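These notes concern the structure reproduced below.
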Amino acid sequence: RKEVEQDPGPFNVPEGATVAFNCTYSNSASQSFFWYRQDCRKEPKLLMSVYSSGNEDGRFTAQLNRASQYISLLIRDSKLSDSATYLCVVKGNTGTASKLTFGTGTRLQVTL
Amino acid sequence: EPEVTQTPSHQVTQMGQEVILRCVPISNHLYFYWYRQILGQKVEFLVSFYNNEISEKSEIFDDQFSVERPDGSNFTLKIRSTKLEDSAMYFCASSLTSYEQYFGPGTRLTVT
């Protein structure tokens, strides 16, 4: 089983649509969870951390279900500028500078 | 807003040559990382560095790789004898705590 698994997409949605991405992780000892976005040939940029209680940042809502080892990202009112690859990222607790483990990403294309 | 910077943006080298990739982490950050991304694949962890020593390294980070923080600002990745399969985008990241990591724009390494 992959450490972090995501549907690669692409998800093609019209502007204004709501879209949801899901992710599962295999290591139940994982401590921290994030969504990053990556534009083509650019660096991953931190979109938001994911907390156990769920959290929202503007149009973006992230949820974590530790029992199911499942993370989600909901984007409301999609904009053209949301077109990117969304990376589900998990961090362990193996030391003081724990590595990030990335999923392969889900590609989103928002169209007019 | 402070950023991680990396030089060069693109490096072309011949197989067997040594390369040094340079990074300037965000100035008050304490944790430093190198990741790589082969074209079309996911981002992979190479090494983390804290308190002037390696905290964790992956299987990819073999004897051909080394890291150094030669002064108070730079963080370097050296590949001693490059192979064709080392061709990838190399990202440096830093974090203040061991929580959220911020990535530089990357160095595209092409080994011919």
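Residue numbering restarts at 1 for every chain, and letters A, B, ... go by the order of the sequence lines. Owing to the predicted nature of the structure, the values given are computational and were not obtained by experimental measurement.
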Determine, using the 4.5 Å side-chain heavy-atom cutoff (strictly less than), whether Leu87(A) and Tyr25(A) are members of one ILVMFWY cluster. no
Could you tell me whether the side chain of Arg41(A) reaches within less than 4.5 Å of the side chain of Arg108(B), counting heavy atoms only? yes
Does any part of the side chain of Gln38(A), heavy atoms only, come nearer than 4.5 Å to the side chain of Gln37(B), both counted from C-beta? yes
Measuring heavy-atom distances to chain A, does Leu30(B) have an atom under 4.5 Å in its side chain, in its backbone, in both, or in neither? neither
Student check: side-chain heavy atoms of Leu46(A) and Tyr102(B) closer than 4.5 Å: yes
Is it the case that more than 12 heavy atoms not belonging to Glu56(A) sit under 6.0 Å from its CD atom? yes
Got a second to check how far Lys42(B)'s NZ is from Thr101(A)'s OG1, nearest 0.5 Å? 7.0 Å
Atom NZ of Lys99(A) and atom NZ of Lys57(B): how far apart are they, to the nearest 0.5 Å? 13.5 Å
Has Tyr35(B) got a side-chain atom pairing as donor or acceptor with Leu100(A)'s backbone, closer than 3.5 angstrom? yes
Is there a path from Val89(A) to Phe45(B) through hydrophobic residues (I, L, V, M, F, W, Y) whose side chains come within less than 4.5 Å of each other? yes
OH on Tyr31(B) to OG on Ser98(A), rounded to 0.5 Å: 9.5 Å
Does Asp71(B) CG have over 12 foreign heavy atoms under 6.0 Å away? yes
Parallel, tilted or perpendicular: ring planes of Phe102(A) versus Phe103(B), cut at 30 and 60 degrees: perpendicular
Verify the neighbour count for atom NZ of Lys45(A): are there more than 12 heavy atoms of other residues, nucleotides or ligands below 6.0 Å? no
